[in-house]
Amino acid sequence: MFEPVSPVRAYERVVEQIEEAVFTGRLRPGSRLPSERDLMTQFGVSRSTIREALRVLQSNGMIQSRAGDPRGPEVLPASPKSLQKSMSRLVRAESMSLAELLQFRMLLEGSAYLLAARLRTDAQLAEMEAALQSMAKASGHAEFSDADVAFHDAVARATQNTLILVCSNVVRGVVLDLIADHLATATDRQALMQAYLQHHSEVLQAIHDRDGELAARLARQALYDYYADSVPLEDRALLEPLIASP
C-alpha cells in the first residue's frame, strides 16, 4: 500500500522555503537574501547547510551569490535559461526521446502559428517579413539560422502569450542542440535551407491572410519534413498524426 519515503535533508527545506518566498512574491527580483549568519539563525541550521542551499538555488538560476558580498545573495528574475538547462538534462538522461520532444514542438508551434495568424498586428507582420528577407539574403548557415530564430520569435510574440514565447525558445534550442551534428554534416544543407525558406514564405502568406488553420498545418508539416529523418524510423509514428490532422 505504501512506498518507502526518502529522508529530506535540511538544505532542501531551506531551498523550498526560499523558492516559495520567490514564487509568492515575498521575495522579488533584485531583492537580497539575508546574510549567511542571519539565514543560519532564521532557519536554525549550520553554515554548511545554508551554503549548500545557496549553491542549489544559484545552480537553478534563482539567485546570484558572490563571495564576500555584504549585501547578500540577489534574487534573479525568471529566465528561460534555467528551463532550457532542465529540459536538456531531461532529454540527455534519455528519459525523453527526440521524437517526444519534436512532437511537443510540433504541437506548440502549430498552436503558436494559429494564434499569430489570428492576433498579429501589422507591426508584428512586418517583423516576420523582415526576418524572412534576412533569411533570403543570408550568406551562410549561421546567418540563416539567426534570421530563422528571429522569424520564430516574431511569431511567438504575436501570440501575446509569454509562456509560448519562452517554451518555443527552449524547445527549439534543445532540438537543435540534439541534432546539431546531423545538420552540420548534411550534404544537402543548401537544399534544406531553400526548402525551409519556401516554407516560411508560405506560412507568412497564411499569417498575412489570417488563415490560422493553414498556418498551423504548414508549421507542423515543415517541422516533420525538416527533422523527421533525425528520428529513428520506429518512433516516427508519434509525429505522423500531427501532419495528418487538419
Side-chain angles (χ1 to χ4, degrees), residues 5-96 101 104-105 108-109 112 121 123-124 127 131 142-143 145-178 180:
V5 296
S6 301
V8 178
R9 299 175 182 176
Y11 80 85
E12 294 175 328
R13 290 301 190 196
V14 174
V15 169
E16 289 174 0
Q17 289 196 46
I18 293 176
E19 286 180 336
E20 182 64 18
V22 173
F23 295 151
T24 58
R26 287 183 288 126
L27 281 174
R28 296 187 177 279
S31 61
R32 299 277 178 167
L33 296 180
S35 66
E36 285 187 3
R37 185 179 297 278
D38 287 342
L39 288 172
M40 289 166 56
T41 300
Q42 291 185 41
F43 286 108
V45 295
S46 66
R47 184 180 297 274
S48 62
T49 296
I50 292 299
R51 287 183 173 176
E52 180 63 14
L54 295 178
R55 185 194 66 78
V56 171
L57 290 165
Q58 181 155 302
S59 176
N60 291 343
M62 185 161 284
I63 66 167
Q64 179 174 267
S65 180
R66 296 186 178 91
D69 188 343
R71 298 173 298 171
E74 179 184 3
V75 177
L76 299 176
S79 168
K81 290 183 179 179
S82 56
L83 178 58
Q84 182 162 355
K85 184 186 296 184
S86 297
M87 291 189 67
S88 298
R89 188 183 307 121
L90 180 66
V91 173
R92 287 179 172 81
E94 298 183 355
S95 53
M96 181 186 294
L101 193 63
F104 179 67
R105 185 178 174 190
L108 182 64
E109 293 203 4
T121 64
Q124 289 164 338
E127 289 180 4
E143 188 177 348
S145 295
D146 289 342
D148 177 44
V149 169
F151 185 92
H152 283 277
D153 284 348
V155 170
R157 284 194 297 272
T159 69
Q160 302 179 31
N161 187 307
T162 303
L163 191 57
I164 289 178
L165 177 60
V166 171
C167 287
S168 294
N169 283 333
V170 169
V171 175
R172 183 171 63 246
V174 174
V175 169
L176 291 176
D177 285 347
L178 289 175

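Just so you know, these numbers come straight off a predicted model, no measurement behind them. Hydrogens, waters and symmetry mates play no part in the numbers below; they use all other heavy atoms, side chains included.
- Qualifying side chain to side chain donor-acceptor pair (under 3.5 Å) partners for Glu20, counting only residues two or more places apart in sequence or in other chains: none.
- Partners of Thr159 according to the side chain to side chain donor-acceptor pair (under 3.5 Å) rule, which considers only residues two or more places apart in sequence or in another chain, do not exist here.
- Remark: Val22 engages Leu27, Met62, Val75 in a side-chain contact (heavy atoms from CB on, under 4.5 Å) (not counting sequence neighbours).
- Summarising the geometry of Ala112 relative to Val155, their closest heavy-atom pair is O-CG1, 4.1 Å, with the distance given to 0.1 Å.
- Within the 4.5 Å cutoff, no side-chain heavy atoms of Leu39 are placed close to those of Val14.
- For Arg105 (side chain) and Val171 (main-chain N/O), no donor-acceptor pair under 3.5 Å exists by modelled atom type.
- Ser46 meets the side-chain contact (heavy atoms from CB on, under 4.5 Å) test with Ser48, Thr49; sequence neighbours excluded.
- The salt bridge (charged side-chain N to carboxylate O under 4.0 Å, His left out) pairs that include a residue from residues 158-171 number zero, where partners must be two or more places apart or lie in different chains.
- Residues satisfying the side-chain contact (heavy atoms from CB on, under 4.5 Å) criterion with Gln64, sequence neighbours excluded, are Arg66, Glu74, Leu76.
- Atom CZ of residue Arg55 and atom CD1 of residue Ile63 lie 11.0 Å apart, to the nearest 0.5 angstrom.
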Side chain to side chain contact (heavy atoms under 4.5 Å, CB included) between Asn60 and Glu19, worked out:
CA-CA 10 Å; Asn60 291 343; Glu19 286 180 336; 4.0 Å; yes
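- Scored by the salt bridge (Lys or Arg N to Asp or Glu O under 4.0 Å) test, Glu143 finds no partners at all (sequence neighbours excluded).
- To the nearest 0.5 Å, atom CG of residue Leu163 and atom OG of residue Ser168 are 9.0 Å apart.
- With values rounded to the nearest 0.5 angstrom, Gln17 atom CD is found 8.0 Å from Arg26 atom CZ.
- Side-chain contact check for Gln42 versus Pro34: some heavy-atom pair is nearer than 4.5 Å.
- Applying the side-chain contact (heavy atoms from CB on, under 4.5 Å) rule to Val149 yields the partners Asp153, Arg172; only residues at least two apart in sequence or on another chain are considered.
- Taking the ring pair (Phe, Tyr, Trp, His ring centres under 6.0 Å) definition, one finds that Phe151 meets it with His200, sequence neighbours left out.
- Put simply, the side chain of Cys167 reaches to within 4.5 Å of the side chain of Leu108, judged on heavy atoms.
- Evaluation of the side chain to side chain donor-acceptor pair (under 3.5 Å) rule for Arg157 yields Glu127 as partners, not counting sequence neighbours.
- Sorted by first then second residue, the salt bridge (charged side-chain N to carboxylate O under 4.0 Å, His left out) pairs that include residues 39-49, not counting sequence neighbours, are Glu36-Arg47.
- Checked against salt bridge (Lys or Arg N to Asp or Glu O under 4.0 Å), Arg71 has the following partners two or more places apart in sequence or in another chain: Asp69.
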